[in-house]
K.L.:
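Provided herewith is a single structure, encoded as structure tokens, for subsequent inquiry.
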Amino acid sequence: MYAIPVEKDVEEAPFRALLKHCSGAGFRPDQLMFVEADKHSFLPPPPPPFGEGEPPSFTMPRAYAELLHYAICHSSAARFDLLYLLLWRIRQGESMVASNHSDPVVAELANYAKNVRRDIHKMHAFLRFRAEEIDGRMVYTAWFEPQHHILRAVAPFFLDRFTNMDWVIGTPEGTIAWQDKTLTFAPPGPKPHASKDTVLDDLWLTYYRTTFNPRGSA
Amino acid sequence: MPLNLLQKLEILADAAKYDASCASSGGAKRNARSGGLGSTTGCGICHAYTPDGRCVSLLKILLTNFCIYDCVYCVSRRSSNVARARFTVAEVGRLTLDLYRRNCIEGLFLSSGIARSEDDTMADLVAVARSLREEHGFRGYIHLKTIPGANEALIAEAGRYADRLSMNVEMPDEAVLKRLAPEKDAGAILKGMAVTRTGIDAAKEARKPAPGKIRRARPPRFAPAGQSTQMIVGADGASDITILDKSVSLYASYGLKRVYYSAFSPTGHPSAVLPDHATPLMREHRLYQADWLLRYYGFTLPDLQSALPTGMLDLATDPKLAWALVHRGVFPLDVNRAERALLLRVPGFGTKAVDRIIAARRSTCLRLDDVGRLTGALRRARPFIVTADYQPGSSLDDARLRERLTPPPKQLSLF
């Protein structure tokens with residue numbers, strides 16, 4: 001049995017390549033364990049030439065690719081093993097299994113995907129920027145603590161919407177910054193002290209307070 | 001003493017809160033990659049929730065609550081003694097942009113009291129949208145209320161800047177509207193909705209690429225997220241079936257995206273012709289459920305009517321379960337064989353669950369546990385289905401099935 005280290009916020013393309021290497025080497029799911037790279041494992045990695053050269057080329061069914069897209073961001077340590085297990089079953093001939101949500105493995109992965117989508121949606125919805133003047137420039141800063149590894153997945157939304165602003169989003173897992181029209185992912189920084197922002201602290205709270213209709217809640 | 005911006009916001013957001021519409025979904029996708037500020041993703045985002053669970057998606061305000069009309073159900077009516085205020089075009093622009101940059105809102109929902117005249121009011125609403133789009137490059141969502149009786153050219157201009165337009169029919173019954181809102185003209189409301197529909201349809205048609213023609217710049221969009229309307233529920237004696245009947249004809253005649261149902265809430269000023277208590281939000285909720293059954297589940301109005309002897313939706317049971325309890329002869333349905341249209345009638349099965357059942361049964365024969373993984377509401381569905389390993393037996397004939405499937409009654413508040 002071998003341990004395969006994977007970065008916990010691994011990107012989709014390298015992870016798909018890794019799965020294809022495993023499948024090409026003929027490993028059964030019970031011969032492998034995917035371990036998050038920062039966790040120690042007593043199991044050895046697969047011996048060379050594993051992972052060298054191009055992985056075997058085959059197409060993953062669309063339903064599988066859709067599950068994978070979100071499920072790899074989930075915080076559960078089991079996600080990589082389940083994804084490999086499902087791919088292995090597909091390669092064994094269960095070609096339709098990924099669209100059968102009554103299958104316990106698919107149901108579990110679909111549940112992961114759903115939780116990740118919800119987490120992404122929450123970060124899009126509930127993150128708030130505070131405007132701060134730094135070195136004569138207006139910078140919008142935010143702090144958010146998502147439950148899953150979604151930093152890369154949320155970036156396009158903020159990029160599309162706030163292209164003309166400089167902004168920094170901090171999370172316990174990493175930082176995204178958009179400055180001078182350049183996007184950077186950086187390691188996490190300390191949680192910043194929330195600066196005073198009259199629009200958020202006065203205007204928004206006034207609006208929120210007034211828009212609620214307590215008489216309507218019978 | 002002139003009011004400051006926060007004071008105006010307090011008055012004009014308060015006056016706008018009776019409009020139930022909050023959607024920021026549908027329509028064109030835009031982003032700010034090539035300049036400007038803001039985006040629309042096609043699906044709305046709720047940026048906050050009020051304590052009673054309503055979503056806060058847009059900055060929902062009135063441009064002014066000065067009004068020459070005297071509609072008894074409206075807090076801003078001429079004879080009401082509320083504080084009055086009026087935003088300038090620049091103030092609304094600044095509020096919208098400031099809140100938008102902090103990711104508090106998806107955009108602006110702007111309505112207004114009828115100050116001076118219908119045309120003046122509509123022109124002011126259009127001026128705000130034009131300023132946001134053209135001076136500030138705003139690409140977020142804009143929902144404008146259109147004013148019944150306003151000039152068609154103004155509505156056409158509104159459609160160029162707004163994502164969604166809406167005009168409220170207010171009451172399902174025209175005679176009641178006449179009585180409660182003497183200055184409002186039901187004919188003008190319907191005509192306004194027809195003008196908007198024509199604008200939407202014409203723009204859609206013009207934007208279709210003509211076959212064999214050289215590609216050229218496409219004509220501008222017109223309210224790409226469509227139009228909607230609102231009915232107040234519980235201010236008059238109209239039954240739920242009357243309301244739904246009106247909705248069905250509105251959807252068909254004006255191509256509406258949504259009919260909003262707004263549970264009546266007293267404005268705080270006693271009235272001889274209006275109820276003195278709020279309509280329960282549950283009634284609003286049941287109306288939306290019935291509305292969904294009509295639009296996405298293949299139900300017809302007579303279907304619903306057959307389960308509503310009093311014409312009112314049951315507050316304790318959802319309308320689909322109510323229908324199933326009256327039509328037990330249709331059940332139990334075999335989830336491994338029944339067609340989609342019938343599966344959609346099973347209580348507890350939403351459209352997603354039905355799609356998943358159909359996809360799953362291509363590769364497996366479904367057992368009860370399997371169905372439990374496909375829907376979150378197996379308890380409700382159980383008496384109505386057959387699976388490879390399960391038959392409901394006599395539970396479908398149980399005279400107390402309704403009691404078993406609905407939450408136990410609660411003691412009403414004594415106060």
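Residue numbering restarts at 1 for every chain, and letters A, B, ... go by the order of the sequence lines.
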K.L.:
Between B:Ala48, B:Ala359, B:Gly38, which shows the greatest number of heavy-atom pairs under 4.5 Å with chain A?
P.N.:
B:Gly38
K.L.:
Strictly less than 4.5 Å between heavy atoms, which residues of residues 30-37 of chain B line up against chain A? Please order them by number.
P.N.:
B:Asn31, B:Ala32, B:Arg33, B:Gly35, B:Gly36, B:Leu37
K.L.:
Identify which part of B:Cys104 has an atom lying under 4.5 Å from any heavy atom of chain A, answering side chain, backbone, both or neither.
P.N.:
both
K.L.:
Donor-acceptor pair, distance only, cut-off 3.5 Å: does the side chain of B:Thr364 make one with the backbone of B:Leu366?
P.N.:
no
K.L.:
Only pairs of heavy atoms separated by less than 4.5 Å count here; which of B:Arg102, B:Lys60, B:His47 has the most with chain A?
P.N.:
B:Arg102
K.L.:
Would you call A:His101 and B:Lys352 a side-chain contact if the rule is heavy atoms closer than 4.5 Å?
P.N.:
no
K.L.:
Are the side chain of B:Arg139 and the backbone N or O of B:Ser39 linked by a donor-acceptor pair below 3.5 Å?
P.N.:
no
K.L.:
Select one option (side chain, backbone, both, neither) describing which atoms of B:Arg101 are under 4.5 Å from chain A's heavy atoms.
P.N.:
both
K.L.:
Which bit of B:Ile105 comes within less than 4.5 Å of chain A, counting heavy atoms only: side chain, backbone, both or neither?
P.N.:
both
K.L.:
With a 4.5 Å limit on heavy-atom distance, are the side chains of B:Arg373 and B:Asp370 in contact?
P.N.:
yes
K.L.:
Counting only non-hydrogen atoms closer than 4.5 Å, can you tell me which residues of residues 192-208 of chain A sit against chain B?
P.N.:
A:Asp197, A:Val199, A:Leu200, A:Asp202, A:Leu203, A:Trp204, A:Thr206, A:Tyr207, A:Tyr208
K.L.:
Looking at chain B, which one of A:Val106, A:Leu127, A:Asn111, A:Val97 has the largest number of heavy-atom pairs inside 4.5 Å, strictly under?
P.N.:
A:Leu127
K.L.:
Check whether any side-chain heavy atom of B:Leu368 lies under 4.5 Å from a side-chain heavy atom of B:Ile385, and answer yes or no.
P.N.:
yes
K.L.:
If I measure from the heavy atoms of chain A, does B:Ile45 come under 4.5 Å with its side chain, its backbone, both, or neither?
P.N.:
both
K.L.:
Against chain A, work out which of B:Thr50, B:Asn103, B:Leu5 has the most heavy-atom pairs shorter than 4.5 Å and name it.
P.N.:
B:Asn103
K.L.:
May I ask you to decide if B:His143's main-chain N or O and B:Asp163's side chain share a donor-acceptor pair within less than 3.5 Å?
P.N.:
no
K.L.:
Within the structure provided, determine whether A:Arg118 and A:Gln147 are in side-chain contact (heavy-atom separation under 4.5 Å).
P.N.:
no
K.L.:
Is the NZ or CZ atom of A:Lys20 positioned over A:Phe58's six-membered ring, under 6.0 angstrom from the centre and within 45° of the axis?
P.N.:
yes
K.L.:
Using side-chain heavy atoms (C-beta onward) and a distance below 4.5 Å, is B:Asp19 in contact with B:Lys145?
P.N.:
yes
K.L.:
If I measure from the heavy atoms of chain A, does B:Leu59 come under 4.5 Å with its side chain, its backbone, both, or neither?
P.N.:
both
K.L.:
Check whether any side-chain heavy atom of B:Leu3 lies under 4.5 Å from a side-chain heavy atom of B:Ile11, and answer yes or no.
P.N.:
yes
K.L.:
Looking only at heavy atoms and a cut-off of under 4.5 Å, which of A:Ala107, A:Ala110, A:Pro104 has the most pairs with chain B?
P.N.:
A:Pro104
K.L.:
Is it the case that the side chain of B:Arg286 and the backbone of B:Leu315 share a donor-acceptor pair, with hydrogens and angles ignored and the cut-off at 3.5 Å?
P.N.:
yes
K.L.:
So which residues of residues 153-182 of chain A are in contact with chain B at a heavy-atom cut-off of under 4.5 Å?
P.N.:
A:Pro156, A:Phe157, A:Phe158, A:Leu159, A:Asp160, A:Arg161, A:Phe162, A:Thr163, A:Asn164, A:Met165
K.L.:
Parallel under 30°, tilted from 30 to 60°, perpendicular over 60°: which one fits the rings of B:Tyr288 and B:Tyr261?
P.N.:
perpendicular
K.L.:
Just by distance, do the side chain of B:Glu106 and the backbone of B:Ser57 share a donor-acceptor pair under 3.5 Å?
P.N.:
no
K.L.:
Within residues 28-36 of chain A, which positions have a heavy-atom distance to chain B below 4.5 Å?
P.N.:
none
K.L.:
Would A:Phe80 and A:Phe15 satisfy ring-ring contact (aromatic ring centres under 6.0 Å, His included), going step by step from the backbone distance to the final call?
P.N.:
CA-CA 9 Å; A:Phe80 301 132; A:Phe15 183 67; 4.9 Å; yes
K.L.:
Are B:Val346 and B:Val335 packed together at the side-chain level, in the sense that at least one heavy-atom pair is separated by less than 4.5 angstrom?
P.N.:
no
K.L.:
Less than 4.5 Å apart, side chain to side chain, heavy atoms only: is that true for B:Leu108 and B:Ile61?
P.N.:
yes
K.L.:
Quick check: are there more than 12 heavy atoms from other residues, nucleotides or ligands sitting under 6.0 Å from CZ of B:Arg361?
P.N.:
yes
K.L.:
Side chain, backbone, both or neither: which part of B:Phe138 has an atom under 4.5 Å from a heavy atom of chain A?
P.N.:
neither
K.L.:
Please test A:Val105 against A:Arg89 for side chain to side chain contact (heavy atoms under 4.5 Å, CB included), starting from the C-alpha separation and ending with a verdict.
P.N.:
CA-CA 11 Å; A:Val105 174; A:Arg89 284 173 58 192; 3.8 Å; yes
K.L.:
Is the number of heavy atoms from other residues, nucleotides or ligands under 6.0 Å of B:Arg84 CZ greater than 12?
P.N.:
yes
K.L.:
To the nearest 0.5 Å, what is the distance between CG (A:Leu18) and CD (A:Glu7)?
P.N.:
11.5 Å
K.L.:
How many angstroms lie between atom CG of B:Asn65 and atom NZ of B:Lys8, to the nearest 0.5 angstrom?
P.N.:
11.5 Å
K.L.:
Looking at CZ of A:Arg16 and OG of A:Ser23, how far apart are the two atoms once the value is rounded to the nearest 0.5 Å?
P.N.:
13.0 Å
